[in-house]
Visitor: 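Below: one structure in structure tokens.
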Amino acid sequence: MACRGSRGPRVFLPFLYPSIFGPNGSHISRFNLAVHGRRHASTDPSAPAQDDIEYATTRLNPSPDDYSMPNFADKAKLTLHAGPGGHGCISFLREAYMADGPPNGGDGGHGGSIYIQAVHSETSLHKLARRKFARAGRGKSGQGSAKGGQRGEDVILSVPVGTVVREISRDDPEAVEEYLTKKRRKRRREPVAVEMDEDGEPIEDPDRKKWILYPGMSSSERKRVELPDLPIRDRLLKQPKAPVYLDLSRPTPRPILLAAGGLGGLGNPHFVSKNLRKPMFATRGENAMTMEIEMELKLLADVGLVGLPNAGKSTLLRAVTNSRARVGNWAFTTLQPNIGTVVLDNNKGRPVVKSFKVTAEDVSDDPWAEPAEPELQQRTKFTIADIPGLIEGAHLDRGLGIAFLRHVERAGVLAFVIDLGNGNAVEALKALWLEVGLYAQMREEEEQQREREAAIDWSASAGETIQSDFWTSSGVAKTTTAGAGLHIAGKPWFVVATKGDLPGAQENFAELRDYLAAVTRGDEPHPSGVEGAWIKDCAAIPVSAINGHGVDRVIHWTVGLLDG
Ligand SMILES: Nc1nc2c(ncn2[C@@H]2O[C@H](COP(=O)(O)OP(=O)(O)OP(=O)(O)O)[C@@H](O)[C@H]2O)c(=O)[nH]1
Ligand SMILES: [Mg+2]
């Protein structure tokens, strides 16, 4: 696969091509040795320092202002207001020669609900983060001539695949009402004294507030009117059980309910009985729930690049993809994650790199359907996430902290990008793994805490509500904690030893390679120190991303790990 835009200076780097040149360097020609000696012998005082090497401005060595930075947010907090129901109507048929017609008040419309859907077309939460709240439509009230009110408009929040949704709090006035009504009804069956308020006045039945009385009634009529028991109504949609926790790691074929709208009130024809032919009342629409949610996007790339600041991660991303990530010779050039796509088939259907992935395609339209049998599919591309650099002590919130690691947490493969021209590569790798290990530990503790909290049932009507259980029944499962730290340390990983063109890179690389061989043999512990971590084949691939040298091997190696 040809590297994109590899038009740097013609530097010959034999150690980037070990398959052509034997380990003893026997095939290196005199000319090559001369070039090599001039560029890499760090002991040579005439060797140019890193900053002295002039690189032409190319796609891989762009000027710092040649980049694209789409809007991006990986966190959002929203307050959801479901729509309240419209009121029922009190009305009677009036026609010529029919002065006293039957009741014909329409029912109120139901309030709109709020749903969430994970779609591939969204890549960021910035639109929702700006919005702060989402409000579904209110149901319209019913009208005369048996005209039902219009339903409130539903709201569907479209979020990127990889979003985790957590409920922070909810206020469901109807659930509280339902609970109190049940309690009151139970008490009414037992003879009790009428409840009095502080002034000794009898407390008005709270159920009365749920009725609308005919506006033409006098106040004495209002006091005398006998209201029936509130009808028990079936909910169209059950509120999801608290606390909502959704891990939308796959596109959802249908929107998932977050907050159901209130039911519309009933018009007066519903209350006609043998004894009451002209009911002068209707019911009010239900109040709707308010819910506060927090969303967190964990990008779903196949490969995650982890490295110290200024290591060359963004340059590597540019070299293997069409990304226009910002590159600059200073730390923290990248401030938000970049995703690039490596195309393996040149978009012509003919594979350049053969790769297969196991898919359990979520094409089924039914979220409750059994997951489909996995099948083998030709992989035509894979994605790489480049995140801001980590510095030593990032877990203590130094630099930009370790929060960005959430974007590589779900990657299938981790690629540690290490600058061969900047200090000992082995030490750099250990420092990075330390931060990654601490991050994994922190996430696992958070997860356990959340599970403990979820086990406590705070709701009054515990176990009574039925949820729309998409997340549990369809396999979009809650994240389960693996053994301590293993959910990241258990992933396949490799090292991309970059800036191979710099002086001293070769010795540094040789030390790194020996160290990784020892880790693979089991002579050295895994750099994270986690027991049982992945050490099947720890490799280091030397590249010079700025020249596009060696980057094809990164692609082949990654594909091997993804397929493995
Ligand atoms: N000599 C040489 N320089 C390189 C190579 N790759 C990247 N650089 C330079 O290293 C500097 C940093 O590169 P970036 O790609 O921005 O590094 P980064 O890891 O993304 O940095 P942050 O985003 O700050 O974490 C730039 O000046 C690049 O031109 C390489 O292979 N050889
Ligand atoms: Mg960068």
Side-chain angles (χ1 to χ4, degrees), residues 3-13 15-16 39-40 42 47-69 72 304-321 323-340 384-392 394 398-405 407-408 415-423 425 428-429 431-432 435 495-506 508-509 540-554:
C3 169
R4 293 167 181 86
S6 52
R7 269 180 288 119
R10 292 260 155 234
V11 186
F12 196 75
L13 303 164
F15 87 102
L16 300 181
R39 299 304 301 269
H40 294 290
S42 53
Q50 178 178 348
D51 294 345
D52 299 344
I53 303 173
E54 281 282 316
Y55 290 97
T57 303
T58 61
R59 212 191 77 80
L60 301 184
N61 185 31
S63 67
D65 53 3
D66 173 15
Y67 68 97
S68 70
M69 195 164 78
F72 182 83
L305 300 183
V306 182
L308 297 172
N310 217 27
K313 300 178 293 298
S314 304
T315 311
L316 180 69
L317 185 75
R318 274 183 172 247
V320 292
T321 70
S323 161
R324 289 190 55 220
R326 192 178 199 192
V327 167
N329 198 8
W330 64 85
F332 304 118
T333 319
T334 304
L335 295 172
Q336 64 180 41
N338 298 303
I339 293 265
I384 302 188
D386 161 35
I387 58 166
L390 292 181
I391 58 169
E392 220 172 302
R398 299 220 175 102
L400 296 183
I402 47 175
F404 283 107
L405 279 175
H407 298 301
V408 296
F416 287 82
V417 181
I418 294 193
D419 178 354
L420 288 178
N422 183 20
L429 178 65
L432 287 173
E435 297 303 328
V495 177
V496 183
T498 185
K499 305 199 188 178
D501 52 294
L502 291 183
Q506 202 166 355
N508 208 354
F509 176 71
I541 299 174
V543 300
S544 170
I546 203 165
N547 300 309
H549 292 170
V551 293
D552 286 358
R553 288 178 54 213
V554 172

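Heavy-atom basis, side chains included; hydrogens, waters and symmetry copies ignored. Remember, it's 1-based here, ligands and their atoms both numbered in the order they're listed.
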Visitor: What is the minimum heavy-atom distance between Asp65 and Ser63, and which atoms define it?
Guide: OD1-OG, 2.6 Å
Visitor: Please list, in number order, the atoms of ligand 1 under 4.0 Å from a heavy atom of Ala545.
Guide: 31 (O)
Visitor: Could you tell me whether Leu316 approaches ligand 1 through its side chain, its backbone, both or neither, with non-hydrogen atoms closer than 4.0 Å?
Guide: neither
Visitor: So which protein N/O/S atoms does the Mg ion (ligand 2) have within less than 2.8 Å?
Guide: Ser314 OG, Thr334 OG1
Visitor: Report yes if some N/O of Phe332 lies less than 3.5 Å from some N/O of ligand 1; otherwise report no.
Guide: yes
Visitor: Go through the structure and list residues passing side chain to side chain contact (heavy atoms under 4.5 Å, CB included) with Ala425, not counting sequence neighbours.
Guide: Ile418, Leu420, Asn508, Leu512
Visitor: Closer than 4.0 Å to some heavy atom of Ala331 - which atoms of ligand 1 meet that?
Guide: 24 (O)
Visitor: Indicate yes or no: at least one non-hydrogen side-chain atom of Phe72 is less than 4.5 angstrom from one of Pro337.
Guide: yes
Visitor: What atoms of ligand 1 come within less than 4.0 Å of a heavy atom belonging to Asn61?
Guide: 29 (O)
Visitor: Numbering the atoms of ligand 1 from 1, which are under 4.0 Å from a heavy atom of Thr498?
Guide: 31 (O)
Visitor: Who gets closest to atom 24 (O) of ligand 1 by heavy atom: Asp386, Thr58, Asn329, Thr333?
Guide: Thr333
Visitor: Which of the atoms of ligand 1 are close to Pro309, meaning less than 4.0 Å from one of its heavy atoms?
Guide: 25 (O)
Visitor: Is the shortest side-chain heavy-atom distance between Trp330 and Pro64 below 4.5 Å?
Guide: yes
Visitor: Please state whether Ala311 comes within less than 4.0 angstrom of ligand 1, counting heavy atoms only.
Guide: yes
Visitor: Number the atoms of ligand 1 from 1 as they appear, then name those within less than 4.0 Å of a heavy atom of Thr315, with their elements.
Guide: 6 (N), 7 (C), 13 (O), 14 (P), 15 (O), 28 (C)
Visitor: Between ligand 1 and Gly312, is the shortest N or O to N or O distance under 3.5 Å?
Guide: yes
Visitor: Using the test side chain to side chain contact (heavy atoms under 4.5 Å, CB included), find all partners of Ile339 that sit at least two apart in sequence or belong to another chain.
Guide: Leu299, Ala301, Thr383, Ala385
Visitor: Identify the heavy atoms of Gly421 and Leu502 that sit nearest to each other, and give their distance.
Guide: CA-CD1, 3.9 Å
Visitor: At less than 4.0 angstrom from any non-hydrogen atom of Leu502, what atoms of ligand 1 do you find?
Guide: 1 (N)
Visitor: Could you check if a side-chain atom of Pro542 sits within less than 4.5 angstrom of a side-chain atom of Arg553, using non-hydrogen atoms only?
Guide: yes
Visitor: For Ile402, give me all partners under side chain to side chain contact (heavy atoms under 4.5 Å, CB included), at least two apart in sequence or on another chain.
Guide: Leu390, Ala394, His395, Leu405, Glu435, Tyr439, Met442
Visitor: Could you tell me which non-hydrogen atom of Val543 sits nearest to which non-hydrogen atom of Gly550, and how far apart they are?
Guide: CG1-O, 3.4 Å
Visitor: Tell me which one of Asn310, Asp419, Thr315 satisfies side-chain hydrogen bond (donor to acceptor under 3.5 Å, both in side chains) with Lys499.
Guide: Asp419
Visitor: Considering non-hydrogen atoms only, spot the tightest contact between Ala505 and Gly500 and give its length.
Guide: CB-O, 3.6 Å
Visitor: Minimum heavy-atom separation for Val408 and Gly304, please, with both atom names.
Guide: CG1-CA, 3.4 Å
Visitor: Which ligand 1 atoms, with their elements, are less than 4.0 angstrom from a heavy-atom of Ser544?
Guide: 31 (O)
